[in-house]
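Keep in mind that what you see is a predicted model, and the values were worked out from it rather than measured. Within every chain, numbering begins at 1; the chains are lettered A, B, ... in the order of the sequence lines, protein sequences first and strands thereafter.
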Amino acid sequence: MDRPRLGRRAGVPVRPRRAPPGSRGADARRRPRLSLLRLGRSSRRCARPAQAEGRAPRYDGRWRDRPASDAPEGRAPAIRLKAPTEGETVVDDLVQGRVVIPNKDLDDLVLLRSDGTPTYMLAVVVDDHDMGVTHVIRGVDHLTNAARQTQIYQALGWDVPKMAHIPLIHGPDGAKLSKRHGALGVEAYREMGFLPAALRNYLARLGWSHGDDEIFSTEQAVEWFDIGSVGRSAARFDQVKLSNLNGHYMRETPDADLLAAFRTALPFLPGGEAAAAKLDATGRWDAFALALPGLKERAKTLVELLDGARFLTDERPLAMEPAAEQLLTPEARSLLAATHQGLAALPEWSAADAEAVVRRVAEHAGVKLGAVAQPLRAALTGRKTSPGIFDVLAALGREESLGRIEDQARQIQKV
RNA sequence: GCUCCCAUCGUCUAGCGGUCUAGGACGUCGCCCUCUCACGGCGAAAACAGGGGUUCGAGUCCCCUUGGGAGCGCCA
């Protein structure tokens, strides 16, 4: 099989940074191969003359061509690669194309520290070679490293694996993604209520495309993906678009599956623990399941879903949002009283039957449906917006619904 | 400073010399649907960074400018 073998992700160490001197790891890694290298050695202090001018410090090669016998006594030297000074090093990159770096700009990198432990550059090369890694895919920030590592491969006489350096993702403001600019771990996206499939879909589309396809499953992405169609320019992370995509996924996910996803994500959502406890204690999960179709239509994230479902666990008497309070005029309250009467007489409790009652109340009063539905929404949810009011009625159930309506209708007397 | 990379609507992108009066998606703005908010439907505004070439013909190829980005540790 010609399956690509990928090594560690860039930046993720596979072993302790510094293996204890004499440990197997460090030793095994430096003993046999280094004899193959053309080595330079260096003094401990590397000159940093140009720092003040803003130029990066480079090894000046002071020990490069001197015999080992010249080395000062009692000083542990670092071992550097004796890199070519002429010509150029070529990285044939699957994404970046043919990248040519002049050798004069690459200095002799350290292979072994003065304490004998290998550096990242050496370790990666040796490791990848030992593991039979065929493809190295990482961010463009490693492009220069690719050239340096290529030099090590060449010095060792090993085949260079295929390289692909993909663009970095930038923040919404165009600055590079940093801790301050939204560089977050996956857990953060879970806490924000994003579905894994939606996040994968969004991320896949960043810097890569398959014609005009915007929404595709992970399986399709795997099938379609082609490293060659990865672009070379950096993309900005757009959380609004992620949200839109997530909303799409929520709507498309079958209720049972979404419910399961919600339950597993709940402990990670802000206030989720408390909400879960409440849902468990009040036995309102059934109501939640009933309301889910209407709820998911209105939510872009699981966090919004949770918020939308709050009316299910709120307890009587409901706290009214100011906007909802305004809906409850004296006229509205008397309409609620009439609605309560009609609803209470219902032999069956269903969304359809409730709708018939409410429409009849509106008709008799000579008002539009909204004039009854809006106050009803306020009474039932304490808010100005919610899923369809008949679905709310159905989800809440007869007893709770009538109780909440009564709470508000009753206040007519007080006015 | 040196080296390398990038450049199409606000954003993600399609485009791989003629099919581009530049397509799609998110966002924005209208209209419709409607018990609210959403969803959905319809429609609109919105881009080839600038300048030189090459070519019968350039968003597509080359060069320069400008603007972004990355790298330049005995860090990974």
Side-chain angles (χ1 to χ4, degrees), chain A residues 8 10-14 17-18 42 44-46 48 50 53-59 76-80 91 93 95-97 99-102 104-107 109-121 123-124 139-148 165 167-168 170 172 174-176 202 205-215 229 231-245 247-248 251 294-300 304 308 323-324 327 355 358-359 362 368-378 381 383-390 392:
Chain A
R8 90 200 48 65
V12 180
V14 291
R17 209 152 72 187
R18 285 165 189 261
S42 88
R44 164 167 253 121
R45 6 180 347 111
C46 158
R48 308 194 165 210
E53 296 146 47
R55 228 170 313 134
R58 291 180 42 133
Y59 174 58
I79 309 299
R80 309 183 88 111
V91 177
D93 197 277
V95 169
Q96 302 294 325
V99 180
V100 180
I101 315 264
K104 65 177 170 55
D105 296 314
L106 267 14
D107 64 356
L109 61 276
V110 171
L111 261 14
L112 295 177
R113 303 186 181 89
S114 48
D115 67 1
T117 58
T119 59
Y120 164 77
M121 286 294 173
V124 166
V140 266
D141 49 337
H142 279 82
L143 193 55
T144 316
N145 288 343
R148 307 194 110 106
H165 289 85
L168 267 17
H170 290 190
K176 81 168 178 179
Y202 176 71
R205 275 282 301 139
L206 229 45
W208 173 79
S209 63
H210 185 262
D212 281 338
D213 294 307
E214 295 284 346
I215 295 168
S229 52
R232 287 187 239 182
S233 55
R236 297 186 190 198
F237 191 88
D238 182 0
Q239 202 175 101
V240 175
K241 187 158 183 172
L242 206 210
S243 293
N244 173 277
L245 199 57
H248 177 89
R251 273 173 261 126
L295 251 19
K296 73 176 185 182
E297 203 72 21
R298 273 154 262 262
K300 288 194 170 68
E304 288 181 14
L327 256 18
E355 175 163 2
V358 175
R359 284 191 185 278
K368 286 199 276 192
L369 182 58
V372 182
Q374 277 300 81
L376 189 53
R377 183 183 324 281
T381 68
R383 307 224 234 180
K384 209 176 97 180
T385 67
S386 79
I389 201 61
F390 309 117
V392 169

Using 4.0 Å as the upper bound for N to carboxylate O, is an ion pair formed by R251(A) and E297(A)?
-> no
K241(A)/E214(A) ion pair, N-O < 4.0 Å | yes
What's the gap between [N] and [M] when it is taken at their [atom1] atoms, as a whole Å value?
N	M	atom1	value
G68(B)	C39(B)	P	37 Å
C64(B)	A47(B)	P	29 Å
G27(B)	A38(B)	P	12 Å
C2(B)	G10(B)	C1'	35 Å

Would you name the heavy atoms of K384(A) and A324(A) that are closest together and state the gap between them?
->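 Reported closest heavy-atom pair: N-CB, 4.2 Å.
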Of the listed nucleotides [options], the one nearest the side chain of [X]:
X	options	answer
D105(A)	C74(B), U36(B), U3(B)	U3(B)
R236(A)	A14(B), A38(B), U11(B)	U11(B)
D238(A)	C12(B), A76(B), U11(B)	U11(B)
D212(A)	A14(B), A7(B), A25(B)	A14(B)
R251(A)	C12(B), C39(B), C72(B)	C39(B)
K300(A)	A14(B), C12(B), G27(B)	G27(B)
I101(A)	C4(B), C26(B), C6(B)	C4(B)
L168(A)	A7(B), C12(B), A70(B)	A70(B)
D141(A)	U3(B), C12(B), A70(B)	A70(B)
H142(A)	G40(B), A14(B), A76(B)	A76(B)

Using a cut-off of strictly less than 4.0 Å, decide whether R383(A) has a side-chain nitrogen or oxygen near OP1 or OP2 of U36(B).
->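 For U36(B), OP1/OP2 do not have a side-chain N/O of R383(A) under 4.0 Å.
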Using a cut-off of less than 4.0 Å, is there contact between a side-chain N or O of S386(A) and OP1 or OP2 of U36(B)?
->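 Checking S386(A) against U36(B): no side-chain N or O falls below 4.0 Å of OP1 or OP2.
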Would you please test D238(A) and R205(A) for salt bridge (Lys or Arg N to Asp or Glu O under 4.0 Å) and show each step?
-> CA-CA 11 Å; D238(A) 182 0; R205(A) 275 282 301 139; over 6 Å; no
Between Y202(A) and F390(A), name the one whose nearest nucleotide on RNA chain B is closer to the 5' end.
-> Y202(A)
Closest nucleotide of RNA chain B for T119(A) versus for R359(A): which of these residues is on the 5' side?
-> R359(A)
Which nucleotide, if any, forms a Watson-Crick or G-U wobble pair with [N], using both distances under 3.5 Å?
N	answer
U66(B)	A7(B)
C42(B)	G30(B)
G71(B)	C2(B)
U55(B)	none

Whole-Å distance separating the [atom1] atom of [X] from the [atom2] atom of [N]:
X	N	atom1	atom2	result
L245(A)	C26(B)	CG	P	10 Å
Q96(A)	A7(B)	CD	P	10 Å
L206(A)	A25(B)	CG	P	18 Å

Donor-acceptor pair present, [X] side chain and [N] base, under 3.5 Å:
X	N	answer
S114(A)	C74(B)	yes
R232(A)	C5(B)	no
N145(A)	A76(B)	yes

Give V100(A) one of three labels, base, sugar-phosphate or nothing, depending on what nucleic acid heavy atoms sit under 4.0 Å from its own.
-> sugar-phosphate
Among V110(A), L112(A), V124(A), L111(A), find the residue that satisfies the side chain to side chain contact (heavy atoms under 4.5 Å, CB included) test when tested with P118(A).
-> L112(A)
